[in-house]
Amino acid sequence: MAGNLLILGGTSEAMALARALADRSEIHAEMSLAGRTGHPVLPPMKHRIGGFGGVEGLVAYLERENVSAVIDATHPFAAQMTRNAALACDRLGVPRLIFTRPAWTPSEEDRWISVPDTEAAVDALGEVPKKVFLTVGRLSLPAFRRAPQHHYLMRSIDAPDQADCPPHTELILARGPFDVEAERALMVAHDIEVIVTKNSGGHATDAKLSAARALHRPVIMIDRPTVPVSRVVHDLVGVMAFIEAHRFKP
Ligand SMILES: NC(=O)c1ccc[n+]([C@@H]2O[C@H](COP(=O)([O-])OP(=O)(O)OC[C@H]3O[C@@H](n4cnc5c(N)ncnc54)[C@H](OP(=O)(O)O)[C@@H]3O)[C@@H](O)[C@H]2O)c1
């Protein structure tokens, strides 16, 4: 099949794929980034930054750029992009593959409270004031403003707007990977009683879960959003097999 490959990026999986394709000049591929973070780590391949303009914009892009397959390597919580990609690809008959990391699963020693979304996570904190470690991404922070009784230790890559922060919020700006001992020390130093996080999966940010387990702290775990059914792979071997199967030659 002749045509170009579009990789929807924004994750470490997408970056690993970019590295794997770096010396494969016969594969004509472009990566797309949303441009959310202030200092994005750019992939070592052709790339573009910014939204497409919804489903219609993406359809127009796929046609204009002669895209013959799409690899959706966006974050598991980037559900809008995944839905748009599904609709656009279905409309044009373009094959699509989701390349993502497996979700985290609790072990017997974990004390997880699974919730369907951020609003439910706020509810699960309860009325009694608590010291909360938040790693939900800065765009989810405003939801916690309606629970101002808690003290929040919020960690994100970029600083949230001050207006989005609940009244008692301390910020830590950091990008993973994090290690278990440092996570444990952080939780002890801040007297953390409960952790709120999204089930992103992957190893770069799972140290907090090990630390919470060791400290017997509960974790309010926001489940992944539901996205349209698709072929899903969790490793580079599966992605490369998909690419080879579609023979991206000029
Ligand atoms: N959500 C998270 O927790 C999270 C965490 C880490 C990294 N990320 C990464 O950050 C990016 C944005 O995440 P999000 O949660 O804001 O996504 P989202 O809610 O699913 O997407 C919102 C809109 O952002 C644009 N967009 C998203 N990903 C894009 C991409 N790779 N290329 C071009 N446009 C893109 C699209 O705009 P148009 O409709 O205009 O096309 C999309 O409709 C994604 O690439 C994702 O992988 C997200």
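Numbers for residues simply follow the sequence, beginning at 1. Start at 1 and go down the list; that is how both ligands and their atoms are numbered. FYI, side chains are in, hydrogens and waters are out, and symmetry mates aren't considered; it's all heavy atoms of this structure.
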For [X], the ligand 1 atoms whose distance to one of its heavy atoms is below 4.0 Å:
{"X": "A79", "answer": "20 (O)"}
{"X": "G54", "answer": "38 (P), 39 (O), 40 (O), 41 (O)"}
{"X": "F77", "answer": "1 (N), 2 (C), 3 (O), 15 (O)"}

For ligand 1, which is the ligand I care about here, please tell me if [X] has any N or O atom under 3.5 Å from one of the ligand's N or O atoms.
{"X": "T11", "result": "no"}
{"X": "S32", "result": "yes"}
{"X": "G9", "result": "yes"}
{"X": "A73", "result": "no"}

| message | So, taking the atom named CG in L21 and the one named CD1 in I7, what distance separates them when rounded to the nearest 0.5 Å? | response | 5.0 Å

| said: Rounded at 0.5 Å granularity, tell me how far OH in Y152 sits from CG in L134. | reply: 6.5 Å

Tell me, which protein residue and heavy-atom name are nearest [atom], and how many Å apart are they?
{"atom": "atom 25 (C) of ligand 1", "result": "R36 NH2, 4.0 Å"}
{"atom": "atom 48 (C) of ligand 1", "result": "H75 CB, 3.4 Å"}
{"atom": "atom 3 (O) of ligand 1", "result": "K198 NZ, 2.5 Å"}
{"atom": "atom 13 (O) of ligand 1", "result": "A78 CB, 3.9 Å"}
{"atom": "atom 37 (O) of ligand 1", "result": "G51 CA, 3.6 Å"}
{"atom": "atom 19 (O) of ligand 1", "result": "Q80 CB, 3.7 Å"}
{"atom": "atom 30 (C) of ligand 1", "result": "A34 N, 3.5 Å"}
{"atom": "atom 42 (C) of ligand 1", "result": "M81 SD, 4.1 Å"}

| task | Kindly say whether W112 contributes a backbone atom to a donor-acceptor pair with the side chain of D110 at under 3.5 angstrom? | result |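 Checking the backbone N and O of W112 against the side chain of D110, no donor-acceptor pair under 3.5 Å is found.
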
| If only atom types and distance count, is the side chain of T11 paired as donor or acceptor with the main-chain N or O of A14 below 3.5 Å? | yes

Is there a side-chain contact between [X] and [Y], using heavy atoms and a 4.5 Å cut-off?
{"X": "R111", "Y": "V219", "result": "no"}
{"X": "F133", "Y": "E193", "result": "no"}
{"X": "R146", "Y": "V122", "result": "yes"}
{"X": "I49", "Y": "L42", "result": "yes"}

| message | Below 4.0 Å from ligand 1: does a non-hydrogen atom of N84 turn up there or not? | response | yes

| message | Check contact between G50 and ligand 1, using heavy atoms of the residue and a distance below 4.0 angstrom. | response |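 Yes, G50 has a heavy atom closer than 4.0 Å to ligand 1.
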
| field | Ring-face cation contact, F52 with R48, 6.0 Å cut, 45° max | value |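 Cation-pi check for R48 and F52: passes.
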
| task | With side chain to side chain contact (heavy atoms under 4.5 Å, CB included) as the test, would you mind laying out the steps for S68 and L5 before giving the verdict? | result | CA-CA 6 Å; S68 53; L5 175 66; over 6 Å; no

| message | Checking V194 now: which residues fulfil side-chain contact (heavy atoms from CB on, under 4.5 Å) with it, not counting sequence neighbours? | response | L125, K130, V132, P218, I220

